[in-house]
Amino acid sequence: MLIDSPYFPDELEALPGLLAGAGFEPDALIATHADFDHVLGRLAFPGLSLGLGQSSVERLHREPGAAQRDLRDHDEKFYVERPLPLALGQMQGLPVPGTVELGSEELELYPAEGHTPDGLAVMARWCGVLCVGDYLSPVEIPMIHPGGSTADYRSTLARLRPLVEGADTVVPGHGAPSSRETALRLLDEDIDYLGALERGEERPALPAGRDDREQRDIHRRNLESLR
Ligand SMILES: [Zn+2]
């Protein structure tokens with residue numbers, strides 16, 4: 001199962017060979033949420049259908065063409081050219097909370113909303129891996145998109161805490177995987193940040209490693225989207 005996707009065309013092109021070299025041949029795709037940079041799996045594996053939480057399927061139907069438009073805007077900014085446009089193709093709505101079978105094992109799906117109005121986290125308990133989408137990133141502060149909220153974000157963090165405690169490795173959508181201890185530290189830092197955001201602080205102390213200019217910019221956009 002391929003969870004989310006890389007972004008650059010050469011990464012997407014290299015992915016099937018890279019995975020095959022490591023002994024993996026995905027037979028399913030899943031996206032943690034419907035943001036454009038998470039739904040590109042079919043550009044690497046055009047024959048597979050994309051699994052999404054029901055809330056993401058509904059969001060894509062509510063905002064037809066939004067993922068394609070956002071991808072095009074982003075590509076223009078970075079001078080990225082693609083051999084093929086993004087076609088989301090066949091989408092499969094997954095039960096959240098719920099489970100999906102993966103061979104003889106089972107993936108647990110949990111709701112993860114707040115960053116956006118949709119979202120899920122994937123727990124592969126048998127191998128100690130938790131994939132959280134755009135939460136618990138070591139390189140990005142909590143980002144609240146339109147339709148997201150700090151209240152939902154807090155509920156998601158509360159839901160994630162026992163899952164992180166039961167995992168060995170936490171894989172975020174942006175940045176490197178974290179150990180359980182690091183992910184728990186990020187979770188506490190994110191709760192502190194949400195407090196500063198809710199208080200409307202213009203220049204809060206941002207967590208170490210996430211206090212650069214881009215993160216200040218994200219904070220400014222967070223303040224705007226909550227006004
Ligand atoms: Zn996102």
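This structure is a prediction, so every number in the text was calculated from the model and none was measured. Read the numbers this way: they start at 1 and go in the same order the structure lists the ligands and their atoms.
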*Asks:* To make sure I understand the geometry: which N, O or S atom in Asp134 is closest to the Zn ion (ligand 1)?
*Replies:*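 The atom in question is OD2.
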*Asks:* Tell me, which N, O or S atom in His33 is closest to the Zn ion (ligand 1)?
*Replies:*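 Result: NE2.
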*Asks:* Side chain of Asp4, backbone of Thr32: donor and acceptor closer than 3.5 Å?
*Replies:*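 The answer is yes, because a donor-acceptor pair under 3.5 Å joins these two groups.
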*Asks:* Taking both backbone and side-chain atoms into account, decide whether His115 has an N/O/S atom under 2.8 Å from the Zn ion (ligand 1).
*Replies:*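 Looking at His115, which is the residue asked about, there is an N, O or S atom under 2.8 Å from the Zn ion (ligand 1).
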*Asks:* Tell me, which N, O or S atom in Asp35 is closest to the Zn ion (ligand 1)?
*Replies:*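 Looking at Asp35, the N, O or S atom with the least distance to the Zn ion (ligand 1) is OD2.
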*Asks:* Compare all side-chain heavy atoms of Leu136 with those of Asp190 and state whether any distance is below 4.5 angstrom.
*Replies:*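 In contact.
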*Asks:* Could you tell me whether Arg125 and Glu108 have a side-chain N and a carboxylate O separated by less than 4.0 Å?
*Replies:*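 Looking at Arg125 and Glu108, the cut-off is met.
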*Asks:* Is there a donor-acceptor pair closer than 3.5 Å between any side-chain N or O of Ser137 and the backbone N or O of His174?
*Replies:*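 Flag set: sc Ser137 to bb His174 pair under 3.5 Å.
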